[in-house]
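Chain identifiers are assigned alphabetically (A, B, ...) following the order of the sequence lines, protein sequences preceding nucleic acid strands; residue numbering begins at 1 within each chain.
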2 protein chains.
Amino acid sequence: MLPYSCGLDAAADVIGGKWKPRILWALHHGPMRFGELRREIAGVTEKMLIQQLRELESRDIVHREVFHQVPPKVEYSLTELGQSLNVALAPLDAWGAEHIAVLEASRAG
Amino acid sequence: MLPYSCGLDAAADVIGGKWKPRILWALHHGPMRFGELRREIAGVTEKMLIQQLRELESRDIVHREVFHQVPPKVEYSLTELGQSLNVALAPLDAWGAEHIAVLEASRAG
DNA sequence: TCAGGTACTGACCGAAAGGTAAGTAATGCT
DNA sequence: AGCATTACTTACCTTTCGGTCAGTACCTGA
């Protein structure tokens with residue numbers, strides 16, 4: 001596999017995937033349980049959520065903590081790396097929010 | 001189709017696609033011809049390049065200017081919106097560049 | 001007359017991403 | 001015994017994405 005061609009290339013690889021930005025955004029305010037995330041992120045299925053969470057975990061963006069209880073409890077939170085990513089993502093979110101009207105209008109549909 | 005859930009969601013929709021970040025980055029320094037872009041962006045095919053350029057054009061991120069000559073000449077450049085997007089992308093690029101070693105290491109392929 | 005350069009276009013194909021739906025394990029509650 | 005809760009897991013299918021390859025139009029210069 002070719003090395004990343006630039007920082008943007010690397011970042012895109014990390015946040016690529018339909019639900020990753022939403023997950024990052026949801027975890028912005030602190031740790032959340034699996035079920036909380038599922039309810040917070042409208043439209044995501046359990047399979048997809050877990051898949052994307054695992055990918056983020058393997059990249060050291062989110063941390064997974066299991067509480068050995070019944071019924072089970074698992075909390076997901078941002079690592080330091082994940083928090084720094086979220087900071088870097090903020091301007092992009094602001095850009096999208098600022099131009100959301102024109103972006104909605106030019107959408108493929 | 002559901003509306004964008006946040007600015008990040010909208011931005012991701014615009015820059016989603018394998019070659020779009022590379023194209024944006026390449027156009028950062030000024031207008032480029034189709035052939036120049038193709039040579040600049042290693043690995044891209046003509047079909048893919050044009051497809052992604054058209055998508056960016058329809059979103060008003062890049063501008064396409066045809067010079068009626070033979071052989072043909074077409075120049076692509078960033079619109080104002082495109083330039084503002086590139087500005088918003090800069091921190092993300094910096095983030096990727098800063099953590100590129102660890103990101104390469106945790107990569108799937 | 002014919003190769004060469006430039007910017008596309010279109011048919012076809014395989015891989016990857018995403019979605020649906022059903023099942024699993026452990027325990028407490030009634 | 002049977003149901004609820006929570007966090008997954010698995011098999012299977014559809015859709016989207018990206019890639020290969022061949023072809024087009026136009027004029028120039030040999």
Test item: A:Asp9 side-chain N/O and A:Ser5 main-chain N/O as donor-acceptor pair under 3.5 Å: yes

Inter-axis angle, terminal five-pair segments of the helix from C:dT1-D:dA30 to C:dT30-D:dA1 [nearest 10°]: 20°

Euclidean distance, atom NZ of residue B:Lys73 to atom C1' of D:dT28 [Å, nearest integer]: 17 Å

Nearest-angstrom distance from the residue atom NE2 of B:His68 to P of D:dC26: 13 Å

Separation of D:dG19 P from B:Arg38 CZ (nearest whole Å): 15 Å

What pairs of donor and acceptor atoms, side-chain ones from residues 35-54 of chain B against any protein atom, are under 3.5 angstrom apart with sequence neighbours left out?
from: B:Glu36; atom 1: OE1; to: B:Arg33; atom 2: N; distance (Å): 2.7
from: B:Thr45; atom 1: OG1; to: B:Met48; atom 2: N; distance (Å): 3.3
from: B:Gln52; atom 1: OE1; to: B:Trp19; atom 2: N; distance (Å): 3.4

Lys/Arg N to Asp/Glu carboxylate O, B:Glu55 vs B:Lys20, below 4.0 Å: yes

Length of the CG-P vector between A:Leu2 and D:dG18, whole Å: 16 Å

Euclidean distance, atom NZ of residue B:Lys20 to atom P of D:dG18 [Å, nearest integer]: 7 Å

Touch class at under 4.0 angstrom, heavy-atom based, for B:Glu75 against every strand present: nothing

Chain A footprint on DNA chain C, 5' to 3' - any atom under 4.0 Å from a heavy atom: C:dG18 to C:dT27

Length of the CE-C1' vector between A:Met48 and D:dA7, whole Å: 16 Å

Minimal non-hydrogen separation, A:Leu27 against A:Ser77, with atom names: CD1-C, 4.3 Å

Closest to side chain of A:Tyr76, choosing from D:dT20, D:dC26, D:dC8: D:dC8

Touch class at under 4.0 angstrom, heavy-atom based, for B:Phe67 against every strand present: nothing

Residue mapping more 5' on DNA chain C - nearest nucleotide basis, B:Phe34 or B:Lys47: B:Phe34

Aromatic B:Phe34 / basic B:Arg64 pairing, under 6.0 angstrom, 45° off normal: no

Spacing between A:Leu37 atom CG and D:dC8 atom P, to the nearest angstrom: 11 Å

Main-chain N/O of A:Gly82 paired with A:Asn86 side-chain donor or acceptor, under 3.5 Å: no

Parallel, tilted or perpendicular, as decided by the 30° and 60° cut-offs, for the rings of A:Trp25 and A:His28: parallel

Nearest-nucleotide comparison on DNA chain C, the residue closer to the 5′ end among B:Arg54 and A:Gln52: B:Arg54

Check: B:Thr79 side chain, B:Asp60 main-chain N or O, donor-acceptor pair, under 3.5 Å: yes

